[in-house]
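To keep things clear, I will list the structure first and then write my remarks on it.
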Amino acid sequence: MLDTKYDHQKVEAGKYENWKSKGYFKSGDKDKKPFSIVIPPPNVTGKLHLGHAMNVTLQDIIIRYKKMQGFDCLWLPGMDHAAIATEAKVVKKLKSQGIDKYEYGRDNFLQACWDWTHEYGGNIRDQWAKMGIAVDYDKERFTLDEGLNKAVTQVFVDYYNEGLIYRGEKIINWDPEAKTALSNEEVIYKDVKGAFYHLKYYIEGTNDYLDVATTRPETLFGDTAVAVNPEDKRYKDLIGKNVILPVVNKLIPIVADEHADPEFGTGVVKITPAHDPNDYEVGKRHNLEMIVVMNPDATMNDKALQYEGMTREECREALVKDLEKDDLLIRIEPITHSVGHSERTGVMVEPYLSKQWFVKMGDLAKKVLKMQQDKTSKVNFIPARFEKILKHWMEISYDWCISRQLWWGHRIPAWYKGDEVYVGTSAPKGDGWVQDEDVLDTWFSSALWPFSTLGWPDKTEDFKRYFPNDVLVTAYDIIFFWVARMIFQSEHITGVAPFKYCIIHGLIRDKEGRKMSKSLGNGIDPMDMIDEYGVDALRYYLATDVALGTDLRFDVDKVSSTWNYINKIWNASRFVLLNIENLSNLEFTNLTDEDKWILTKYQKLVKSMTKHMDKYEFNLAGSELYTFIWEDFCSNYIEFSKFNAESNTTKSVLYTILLGILKMLHPFMPFVTEEIYTKMPILEAESIMLTTYPQYDKLLLFEEETMKVNDKIAFISAFRNIKNENNIPSSAQVLLNTDDDIIIKMLKLQDSRISKPLDINSYNVKYGSYEATIYYEKVMTEEEKEALNKQILNLEASISRRKNLLANENYVNKAPKDLVAKERATLAYEEEQLKILKG
RNA sequence: GGGUGCUUAGCUCAGUUGGUUAGAGCGCUUGCUUGACGUGCAAGAGGUCAUAGGUUCGAGUCCCAUAGUACCCACCA
């Protein structure tokens with residue numbers, strides 16, 4: 001039997017291990033229809049935060065629901081090697097031991113990364129277990145395991161042969177801390193305080209100068225031109241002439257280019273093709289020399305003359321001082337502008353001319369846009385609006401820089417010998433070939449995740465059975481990084497979308513709506529929540545508090561009130577179990593109106609729950625279930641059942657409803673439902689995980705009785721209202737127009753019922769066919785009179801509104817019939833009420 | 001500059017294909033040791049659904065405009 005109190009720690013203990021060891025999470029039953037999800041792989045060295053908790057909860061709800069509906073569910077778990085993130089951590093760790101990465105050497109370093117991976121990967125698995133997620137551990141993958149390495153290499157080679165991957169010297173985003181290239185998506189723009197430095201670029205052979213404004217004076221060593229707009233009248237005559245580059249004292253041309261905006265600043269731009277993406281384009285158009293002025297660690301190189309060896313910041317300071325001394329500085333104008341920073345290391349990104357590998361995006365993106373136009377082939381986003389983010393990215397997509405100057409990752413399968421390049425799945429024959437030192441962007445491998453995890457490029461059974469995936473669940477901030485890339489990779493490589501539905505949820509913020517971050521110290525560890533309130537409460541809250549795609553403001557009080565809800569379920573179950581202990585066979589003869597009422601409500605609930613679950617409307621599913629459990633089942637049916645406790649039929653109904661509730665709750669709160677389920681006197685299977693989801697049966701609807709009981713409940717409520725509002729004691733005598741046992745017992749009228757009217761003031765209560773007169777004399781206070789008047793006025797207004805409505809032929813003819821009928825009934829009720837109030 | 005949300009009760013949020021006195025949790029008021037639960041029960045107060053138009057018999061819901069707010073993308077020499 002259940003304890004008197006819900007104890008989440010006790011309930012959760014041991015269950016996950018049991019499910020896992022019994023093999024309930026495993027996929028592969030060929031007699032069933034397949035259903036597959038791949039988990040968004042968390043960084044192997046990371047720690048699950050609330051965002052992950054929400055993400056895996058939603059997936060687990062889907063998986064458990066589909067399992068109960070008879071699907072062969074594969075939920076494939078795994079982790080991401082997270083190239084730059086992991087490498088940064090390992091570098092830091094080695095550094096703390098006094099070891100330098102480069103001195104340590106590639107092989108040793110990689111060994112250190114693997115050690116780190118094995119040490120931390122277990123943490124994630126422990127946290128998954130705490131969350132209770134039904135992933136198939138037999139299928140677990142790692143983005144850097146042998147099979148995925150094979151897939152990555154194959155894709156690289158194929159793309160190269162198709163001309164979709166190329167190596168070229170271009171401006172890329174350089175992270176001087178990690179000393180690697182980054183993709184545009186890995187750059188975060190932040191507003192920082194800076195300045196426009198207005199410098200004098202003297203025009204050759206004159207004493208005139210151009211006022212050139214720059215936020216980055218230290219890059220002037222790489223200037224190979226200044227540009228003006230061809231339409232700018234101020235400078236038209238100067239086009240083709242030269243200016244003297246300050247400090248360097250060399251001549252550079254004045255070129256005409258659209259890039260220079262006459263409206264912006266002075267209309268003159270210095271062109272540094274090797275350190276600015278726009279200038280790079282200008283440089284290409286005008287065939288300008290491209291001079292890199294920095295080392296990979298963003299210190300100045302020999303092109304910076306006497307400033308060589310200084311950092312960017314030191315150089316700027318010293319240079320500005322010197323310019324001022326030489327009267328080459330006009331003024332410094334403070335501004336706030338946005339500057340790119342590395343997502344991982346946080347340092348200012350340096351636009352940097354460098355030789356890298358790229359994926360040519362144009363055609364791949366177009367193919368995705370085309371695929372999305374076809375309803376049968378597209379990825380369906382839920383909510384649908386997020387498809388626009390995908391489309392937008394596909395429209396603007398620039399070539400993707402995929403090489404990283406790191407060691408922890410998939411090594412690029414390219415070998416060089418002099419000017420020769422060889423790209424292949426294994427090293428070329430012959431001597432003198434040297435493999436590319438670089439590895440691939442971590443997102444290159446995760447982009448293949450939906451099929452590489454299933455054995456592709458081999459045509460494995462798993463690949464044939466579980467690809468394309470049915471659903472992918474992720475947050476909207478990852479659409480650019482991951483979702484978009486999975487889609488174009490899959491479209492090109494397999495010819496189809498990687499998944500049919502892409503479910504997008506929001507981010508978790510703190511109670512004030514701020515992002516959770518280390519610096520603010522407002523982060524909440526899901527494991528702490530689980531300790532305090534239990535994982536069932538956390539899961540239910542995360543899945544049902546907000547609509548899909550909306551950010552959630554995390555409120556501990558709500559987790560706490562979810563705990564109360566579970567406690568309520570626990571106690572209701574306790575009551576039912578106490579009453580059906582000796583139930584051995586189900587019996588549905590002689591159903592009372594109340595039995596029929598709850599069975600009907602239950603059927604309607606099943607229908608609507610199935611609809612919501614199928615549409616991934618978990619918040620709606622949650623609240624309907626909540627209302628049914630708390631209002632219909634606990635407040636009403638359980639109370640009714642107390643008057644019929646010995647009946648085997650009542651017991652059977654209690655059992656049926658409780659079982660159904662537990663099943664429908666199970667995807668949301670797996671632990672407590674399992675605990676209660678196993679205490680039921682009749683079991684469908686040894687675990688609730690193996691039971692089937694309730695099926696809607698329209699033959700079990702009893703509309704007439706349902707309406708009758710609805711009236712009874714409304715009548716009971718109206719009676720209590722009158723009693724409460726008027727402070728009528730329980731001893732007041734009551735004349736009832738019905739012998740209904742439920743009404744009498746619910747209102748506790750057994751002793752105060754009378755059979756004839758009394759000749760004193762009375763209160764009248766009426767709903768539907770039920771009517772009561774309560775004999776209790778009381779003088780009204782002014783306040784009460786006022787309240788009564790207000791009530792009367794409201795009623796009169798409502799009645800007249802409703803009369804107009806029902807007099808409107810358009811409404812009566814066009815509106816659904818049952819609605820019109822309901823309106824008529826309400827009107828009748830209101831008129832009765834008015835009569836009573838006017839007394 | 002382009003885009004996407006949001007604005008509903010004191011707070012945090014729901015609100016299915018438009019259907020007529022708008023829901024929940026928490027908070028608030030009143031009463032209650034009712035034999036599953038005081039982590040509870042019963043009753044209640046509280047909203048001109050941001051503003052202004054339009055479509056419709058009917059708008060929180062659809063359309064247009066405005067304001068506030070948040071985020072994304074681009075630009076920022």
Side-chain angles (χ1 to χ4, degrees), chain A residues 2 4-6 184 189 191 194 196 212-216 219 226-227 259-261 264-272 276 278-279 282 335-339 383 385-386 388-389 392-393 395-396 476-477 479-480 506-507 511 513 541 544-547 549-555 557-558 560-579 608 611-612 615 617 619-620 622-624 626-627 630 634-635 638-639 642 716-717 720-725 727 748 794-795 797-798 801-802 804-805 808-816 819-820 822-823 826 830:
Chain A
L2 298 182
T4 50
K5 189 186 154 188
Y6 165 55
N184 293 12
Y189 287 87
D191 277 345
F196 268 141
V212 178
T214 177
T215 54
R216 306 206 55 205
T219 62
V226 294
H259 168 59
D261 178 357
F264 193 91
T266 57
V268 187
V269 198
K270 76 188 202 54
I271 301 299
T272 321
D276 182 283
N278 289 310
D279 293 4
V282 177
I335 55 156
T336 299
H337 60 150
S338 105
V339 176
R385 66 173 184 273
F386 289 105
K388 285 180 191 163
I389 296 183
H392 178 68
W393 193 76
E395 277 155 12
I396 62 165
Y476 62 74
D477 63 338
I479 295 176
F480 286 134
L507 308 178
K511 212 178 163 186
Y541 167 57
T544 63
D545 190 58
V546 289
T550 315
D551 288 353
L552 178 142
R553 293 191 185 199
F554 195 86
D555 184 350
D557 290 342
K558 288 194 178 185
S560 165
S561 69
T562 305
W563 189 97
N564 289 356
Y565 171 43
I566 299 176
N567 186 55
K568 179 78 180 178
I569 294 164
W570 181 267
N571 274 292
S573 305
R574 194 166 164 269
F575 171 86
V576 174
L577 292 172
L578 282 167
N579 279 277
S608 131
K611 189 183 88 186
H612 290 316
K615 290 168 81 176
E617 296 166 338
N619 62 324
L620 299 180
S623 55
E624 282 208 32
Y626 181 97
T627 308
W630 208 306
C634 292
S635 295
I638 284 187
E639 293 306 320
K642 288 176 181 171
I716 290 166
S717 184
R720 286 169 171 167
N721 177 1
I722 297 285
K723 245 187 94 180
N724 255 318
E725 292 289 286
N727 290 317
K748 300 187 172 58
N794 282 344
L795 255 182
S798 180
R801 200 170 25 240
R802 216 174 295 279
N804 280 337
L805 180 66
N808 184 335
E809 275 181 42
N810 259 316
Y811 171 75
V812 175
N813 294 334
K814 289 182 188 171
L819 238 166
V820 178
K822 212 173 112 192
E823 284 301 322
T826 311
E830 283 178 339

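Every chain is numbered from 1, with letters handed out A, B, ... down the list of sequences.
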Considering every strand and a 4.0 Å limit on heavy-atom distances, what is the contact class for [X]: base, sugar-phosphate, or nothing?
X        : result
A/Lys611 : base
A/Asp551 : nothing
A/Arg216 : nothing
A/Tyr626 : sugar-phosphate
A/Ser560 : nothing

Item checked: Separation of the C1' atoms in B/G1 and B/U20, to the nearest angstrom ->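 44 Å, rounded to whole Å.
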Check: For atom P, what is the distance between B/G53 and B/U16, given to the nearest Å?
Finding: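 One P to the other, the span is 25 Å.
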Checklist line | Whichever of A/Asn619 and A/Glu823 has its nearest RNA chain B nucleotide further upstream toward 5' | finding: A/Asn619
Next item on the list: Take A/Asp555 and A/Phe386, find for each the nucleotide of RNA chain B with the closest heavy atom, and name the residue whose nucleotide sits nearer the 5' end.
Entry: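 The 5'-side residue here is A/Phe386.
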Notebook entry, point to check: Counting only heavy atoms not in A/Glu809, do more than 12 sit closer than 6.0 Å to its CD atom?
Noted result: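 Check fails, neighbour count at 12 or below.
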[N] OP1/OP2 closer than 4.0 Å to side-chain N/O of [X]:
X        : N     : value
A/Lys814 : B/C57 : yes
A/Arg802 : B/U21 : yes
A/His337 : B/A77 : yes
A/Ser623 : B/A24 : no

Check: What residues, two or more places apart in sequence or in another chain, satisfy ring-ring contact (aromatic ring centres under 6.0 Å, His included) together with A/Tyr6?
Finding: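 A/Tyr6: ring-ring contact (aromatic ring centres under 6.0 Å, His included) contacts with A/Trp563, A/Trp570.
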Margin query: Does the structure show A/Phe264 stacking with B/A77, if we require the centres to be closer than 5.5 Å and the planes to be within less than 30 degrees of parallel?
Written below: yes
Check: Out of B/G25, B/A77, B/G5, which nucleotide sits closest to the side chain of A/Ser561?
Finding: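 For A/Ser561, the side-chain atoms sit closest to B/G25.
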Note to self: For a quick check, tell me whether the side chain of A/Lys558 and the base of B/U12 share a donor-acceptor pair closer than 3.5 Å.
What the structure shows: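 Indeed, a donor on one side and an acceptor on the other fall under 3.5 Å apart.
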Next item on the list: For RNA chain B, just give me the dot-bracket, please: Watson-Crick or G-U, both distances below 3.5 Å, ( ) intra-strand, [ ] crossing earlier pairs, | paired with another strand, . unpaired.
Entry: (((((((..((((.....[...)))).(((((.......))))).....((.((..]....)).)))))))))....
Next item on the list: Spell out protein contact along nucleotides 31-46 of chain B as letters: B when the base is contacted, S when just the sugar-phosphate is, - when no protein heavy atom is under 4.0 Å; keep the 5' to 3' order.
Entry: -----BB-BSSSSS-S
Item checked: Separation of atom CG in A/Asp276 from atom C1' in B/C75, rounded to whole Å ->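 After rounding, the gap between these two atoms is 12 Å.
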